[in-house]
Amino acid sequence: MIDSHIHLWGAEVAGAHWLAGARTRPIQRPITLDEYASAARTCGVDGALVVTAEQSAAETARLVTVCSPAPLVRGVVGWADLAGDIAAADLTGLVGIRHSVVSEEPGWLRRPQVRAGIARYARSGLALELLVAARDLGDVLACAVDHPTLVIVVDHLGDPGRAGPAAETWRTRVRALAPYPNVRMKLSGDGVRPAALEVALEALGPGRLMIGSDWPVSSLRAPLDVELSALVALLDPLSDAERAQVLSGTAVDSYRLTA
């Protein structure tokens with residue numbers, strides 16, 4: 001199994017505003033690869049993708065340095081400024097970059113400078129990972145149309161919601177992504193429930209979905225073995241071949257990893 005979504009961070013990130021509050025106090029500290037490896041030892045994980053939790057070139061460089069010699073790490077998804085001079089960004093050692101679109105104003109992906117940055121980045125051959133809400137999925141669709149060879153990975157199923165108009169918006173927009181094979185999604189975060197998985201499987205199929213624990217954020221609700229076991233259990237209705245796609249094949253393809 002490839003855990004496609006884990007975070008590591010140092011002391012600088014441990015004090016970030018998004019980690020403030022009583023709920024996240026247990027992870028308001030440096031999070032190391034050794035800690036994850038210890039937790040993953042009995043979980044059937046034979047590789048992990050480290051995804052930056054901070055939109056910082058310095059933190060990206062630190063992660064590449066820390067993770068490059070580690071056999072467990074199959075790749076690092078860092079950050080680079082899509083609204084800036086992306087052509088000058090150092091993408092060495094990365095399998096993709098990630099941007100937290102939910103931290104931006106609505107419509108951020110439609111800004112001319114961002115669209116120009118994505119067009120330049122698309123030439124790199126690396127994946128573009130996006131943390132979005134349902135409100136942004138229409139913009140993800142437009143990006144997929146504009147750049148059919150750019151692999152776009154949507155974190156946490158694009159925030160499905162539980163019920164009501166927001167959940168219906170999510171369902172409609174995920175189904176609209178079905179014709180665009182360059183869009184993939186991660187089964188990660190606290191929005192992964194059977195109903196949401198059913199919609200994602202119907203729209204995208206197992207070859208465009210991948211499993212990720214969102215550790216250590218997920219440890220606030222359950223230990224790693226419990227979190228991964230619950231995610232894997234959701235795949236019981238799938239065939240062995242389909243399960244293999246979600247557990248490793250989609251990640252290998254999306255990030256161009258060594259199988």
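What you see is a predicted model, and the numbers here were worked out from it, not measured in a lab.
Using a 4.5 Å heavy-atom threshold, the side chains of Ser219 and Ile27 count as touching. Taking the side chain as every heavy atom from C-beta outward, Leu235 and Leu197 approach each other to under 4.5 Å. With contacts defined as side-chain heavy-atom distances shorter than 4.5 Å, the pair Val76/Val95 does not qualify. When side chains are defined from C-beta on, Val51 does not count as touching Ile6, because their heavy atoms never get closer than 4.5 Å. Counting heavy atoms from C-beta outward, Leu150 and Tyr121 have side chains that approach closer than 4.5 Å. Residues Ile97 and Leu128 have side chains in contact (heavy-atom distance under 4.5 Å, counting atoms from C-beta outward). Using a 4.5 Å heavy-atom threshold, the side chains of Leu131 and His156 count as touching. Inter-residue side-chain proximity for Thr52 and Val77 is flagged as unmet; no heavy-atom pair is nearer than 4.5 Å.
Looking at Arg184, its side chain does come within 3.5 Å of a backbone N or O of Pro181 through a donor-acceptor pair. In this structure, the side chain of Glu59 does not engage the main chain of Ser56 through any donor-acceptor pair within 3.5 Å. With Gln28 contributing its side chain and Gly21 its backbone, the two residues share a donor-acceptor pair below 3.5 Å. Although no hydrogens or angles enter the test, the distance criterion places no donor-acceptor pair under 3.5 Å between the side chain of Ser254 and the main chain of Val151. Although no hydrogens or angles enter the test, the distance criterion places a donor-acceptor pair under 3.5 Å between the side chain of Arg208 and the main chain of Ala178. A donor-acceptor pair is defined here as one N or O able to donate and one able to accept, closer than 3.5 Å; no such pair exists between the side chain of Asp225 and the backbone of Ala40. Judged by distance alone, the side chain of Ser188 and the main-chain N or O of Ser213 form no donor-acceptor pair under 3.5 Å.
Remark: Lys186 NZ to Asp214 CG distance equals 9.0 Å, nearest 0.5 Å. To the nearest 0.5 angstrom, Leu220 atom CG is 5.0 Å from Arg23 atom CZ. In this structure, the separation between CG on Leu187 and NE2 on His5 is 12.0 Å, given to the nearest 0.5 Å. In this structure, Leu109 CG and Arg115 CZ are separated by 10.0 Å, a value rounded to the nearest 0.5 Å. To the nearest 0.5 Å, atom CG of residue Leu209 and atom CD of residue Glu242 are 10.5 Å apart. One finds the SG atom of Cys43 at 7.5 Å from the CE atom of Met1 (value rounded to the nearest 0.5 Å).
Salt bridge Arg135/Asp159: absent, no basic N to carboxylate O contact under 4.0 Å. For the pair Arg62 and Glu12, the salt-bridge criterion is not met [side-chain N within less than 4.0 Å of a carboxylate O]. By the 4.0 Å N-to-carboxylate-O rule, Arg29 lies close enough to Glu35 to be salt-bridged with it. Salt bridge absent: Arg173 and Asp136 never bring a charged side-chain N and a carboxylate O closer than 4.0 Å.
The minimum heavy-atom distance linking Glu54 with Ala16 is given by the pair OE1-CB, 3.9 Å. Closest non-hydrogen pair, Leu72 versus Asp46, comes out as CD1-C, 4.0 Å. Across all their heavy atoms, Ala251 and Ile2 have their closest contact at CB-CG2, 4.2 Å. A pairwise comparison of heavy atoms in His7 and Ile31 identifies O-CG2, 3.8 Å as the closest pair. Contact detail for Val174 and Ala203: the closest heavy-atom pair is O-CB, 3.7 Å. Taking each heavy atom of Ile152 and Cys143 in turn, the nearest pair found is CD1-SG, 3.8 Å.
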Would you check, one step at a time, whether the test side-chain contact (heavy atoms from CB on, under 4.5 Å) holds for Arg175 with Glu202? CA-CA 8 Å; Arg175 288 167 179 149; Glu202 176 190 352; 4.2 Å; yes
In sequence, state the C-alpha distance, the side-chain angles, and the governing distance for Leu224 and Asp3, and then conclude on side-chain contact (heavy atoms from CB on, under 4.5 Å). CA-CA 11 Å; Leu224 181 64; Asp3 186 345; 4.2 Å; yes
Can you list the steps and then say if Tyr36 with Arg41 is a side-chain contact (heavy atoms from CB on, under 4.5 Å)? CA-CA 9 Å; Tyr36 174 79; Arg41 194 166 290 125; over 6 Å; no
Let me see the working for Arg243 and Asp236 under salt bridge (charged side-chain N to carboxylate O under 4.0 Å, His left out), right down to the final yes or no. CA-CA 8 Å; Arg243 283 165 54 88; Asp236 283 347; 3.5 Å; yes
Worked verdict on Glu227 versus Arg221 for salt bridge (charged side-chain N to carboxylate O under 4.0 Å, His left out): CA-CA 8 Å; Glu227 184 75 14; Arg221 59 178 174 265; 2.9 Å; yes
Working note: Val64 + Leu94, criterion side-chain contact (heavy atoms from CB on, under 4.5 Å); need CA distance, chi angles, decisive distance, verdict. CA-CA 7 Å; Val64 170; Leu94 300 178; 3.6 Å; yes
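The ring-ring contact (aromatic ring centres under 6.0 Å, His included) pairs that include a residue from residues 160-184 number zero, where partners must be two or more places apart or lie in different chains. Sorted by first and then second residue, the side chain to side chain donor-acceptor pair (under 3.5 Å) pairs with a member in residues 90-100 read Trp79-His99, Asp90-Thr92, Arg98-Asp155, His99-Glu104, Ser100-Ser103; sequence neighbours excluded.
Under a hydrophobic clustering in which Ile, Leu, Val, Met, Phe, Trp and Tyr are joined whenever their side-chain heavy atoms come within less than 4.5 Å, directly or via other members, Val154 and Leu49 fall into different clusters. Grouping the Ile, Leu, Val, Met, Phe, Trp and Tyr side chains by contacts below 4.5 angstrom, directly or via other members, places Leu231 apart from Val252. Note on Leu8: it clusters hydrophobically with Val13, by side-chain heavy-atom contacts below 4.5 Å among ILVMFWY residues. Linking ILVMFWY side-chain heavy atoms closer than 4.5 Å, directly or via other members, places Leu157 and Val232 in a single hydrophobic cluster. Leu201 and Val192 fall within the same hydrophobic cluster, where Ile, Leu, Val, Met, Phe, Trp and Tyr residues are linked whenever their side-chain heavy atoms come under 4.5 Å apart, directly or through other members.
For the pairing with Trp108, the side-chain contact (heavy atoms from CB on, under 4.5 Å) check across Val114, Val132, Asp139 returns one residue only, Val114.
Remark: Glu168 CD is packed, more than 12 non-hydrogen atoms of other residues, nucleotides or ligands lying under 6.0 Å away. Other residues, nucleotides and ligands contribute at most 12 non-hydrogen atoms within 6.0 Å of the CZ atom of Arg256.
Aromatic pair Trp9/Trp18: centroids less than 6.0 angstrom apart.
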